[in-house]
Amino acid sequence: IVHIVESRKRGLNLQLFVRISTPTLISADFYPWFSSQIMDAQIYDGAVVLQISERVAQEQLKQTQLLLENLQRIHSTIMIDGVGLNEPVDQLIQRLNATWMKLDRGLVENIAKQKANQTRLLESIKTLKQHAGLEVIVPHIENAADLQIVSMSGADFLQGNFIQGLSERLDFDFTSF
């Protein structure tokens, strides 16, 4: 959170995704602590998104729904990670009104070579994008063929090491594309 505040002073508008586990999700102390951090830092624009795996969200559905309701009070939200392999995406959207959905990386594996995987991935993206305001992230873009297939899919964000691998600094030159 400190990183976001510091980056804003330099004119950068960062968004931070923080993965949380089952113990964190069900902890009675987490939300009060998190909300105080957000309010103290005056981050009221959803710049911090809590990332929960689809499995954990399903197993702890009531806790996930409660957390989402609480987060909306402080203008924050959740992202469901690993979507699309285990349960139809429509059912997940009906249960959770999350702002972000990140597809399961298994949907992306071998999409250039396996037409069935490509079809399933594109259908998942299409279904998700039918819901207004939902942001879709496609992970695991590791080569040009995958990038070519997914870039026209309607996904909001692509994630992977093809364009740039991990870096210690936030200095990627987006104008190079």
- Query: Should Leu96 and Ile26 be regarded as members of a common hydrophobic cluster, given that ILVMFWY residues are connected when their side-chain heavy atoms come within less than 4.5 Å of each other, either directly or indirectly?
  - Reply: no
- Query: Are Met79 and Val48 joined in one hydrophobic group, where the rule is that I, L, V, M, F, W and Y side chains link up if heavy atoms are under 4.5 Å apart?
  - Reply: no
- In chain order, what residues pass the ring pair (Phe, Tyr, Trp, His ring centres under 6.0 Å) check against Tyr31, with sequence neighbours excluded? none
- Item | Check: Lys113 main-chain N/O paired with Asn110 side-chain donor or acceptor under 3.5 Å | no
- With sequence neighbours excluded, what pairs up with Arg120 under the side chain to side chain donor-acceptor pair (under 3.5 Å) test? none
- In terms of heavy-atom contacts, Ala28 and Pro32 come closest through O-CD, 3.4 Å
- Message: I'd like to know if the side chain of Asn117 and the backbone of Glu109 have a donor-acceptor N/O pair within less than 3.5 Å.
- Response: yes
- Should Leu50 and Ile78 be marked as a side chain to side chain contact (heavy atoms under 4.5 Å, CB included) after you check the CA-CA gap, both sets of side-chain angles, and the distance that decides it? CA-CA 5 Å; Leu50 298 180; Ile78 62 172; 4.3 Å; yes
- Query: Can you find a pair of side-chain heavy atoms, one from Ser35 and one from Asn70, that are under 4.5 Å apart?
  - Reply: no
- Task: Locate the shortest heavy-atom distance separating Ile80 from Ala98; write the atom from each residue and the value.
- Result: CG1-CB, 4.0 Å
- What are the two closest heavy atoms between Ala112 and Ile149, and how far apart are they? CA-CD1, 3.5 Å
- Does Gln65 use its side chain to pair, donor to acceptor, with the backbone of Arg95 at less than 3.5 Å? yes
- Message: Test of understanding: clusters of I, L, V, M, F, W, Y form through side-chain heavy atoms closer than 4.5 Å, transitively. Do Ile74 and Val49 belong to the same one?
- Response: no
- Message: Hydrophobic clustering (ILVMFWY, side-chain heavy atoms < 4.5 Å, transitive) - are Val150 and Leu122 grouped together?
- Response: no
- Item | For Lys129, salt bridge (charged side-chain N to carboxylate O under 4.0 Å, His left out) partners two or more places apart | Asp156
- List for me each residue that meets side chain to side chain contact (heavy atoms under 4.5 Å, CB included) alongside Ser53, sequence neighbours excluded, and say none if there are none. Arg55, Val56
- Taking the side chain as every heavy atom from C-beta outward, state whether Leu67 and Gln60 have any pair of such atoms under 4.5 Å apart. no
- Task: Dump the intermediate steps for side chain to side chain contact (heavy atoms under 4.5 Å, CB included) on Leu66 and Lys62, then the final yes or no.
- Result: CA-CA 6 Å; Leu66 179 62; Lys62 289 184 193 252; over 6 Å; no
- Gln148 atom CD, neighbour heavy-atom count above 12 within 6.0 Å: no
- Query: At their closest point, which heavy atom of Leu107 faces which heavy atom of Ser124, and how far apart are they?
  - Reply: CD1-OG, 4.1 Å
- Residues Asp146 and Asn143: closest non-hydrogen pair is N-OD1, 2.8 Å
- Query: Do Ile38 and His75 touch side chain to side chain, with heavy atoms closer than 4.5 Å?
  - Reply: no
- Pairwise ring-ring contact (aromatic ring centres under 6.0 Å, His included) hits with a residue in residues 93-137, at least two apart: Phe17-Trp100, Trp100-Phe157
- Item | Partner of Lys102 under side-chain contact (heavy atoms from CB on, under 4.5 Å), chosen from Glu135, Gln159, Glu54 | Gln159
- Is the shortest heavy-atom distance from the side chain of Val108 to the side chain of Leu103 under 4.5 Å? no
- What class does the angle between the rings of Phe30 and Phe34 fall in, given that below 30° is parallel, 30 to 60° is tilted and above 60° is perpendicular? parallel
- Message: Restricting to salt bridge (charged side-chain N to carboxylate O under 4.0 Å, His left out), what partner residues turn up for Asp81, sequence neighbours left out?
- Response: Arg19
- Mind checking whether Ile137 and Ile141 sit in one hydrophobic cluster, side chains of I, L, V, M, F, W, Y counted as touching below 4.5 Å? no
- Below 4.5 Å, heavy atoms only, C-beta onward: do Asn13 and Arg8 meet side chain to side chain? yes
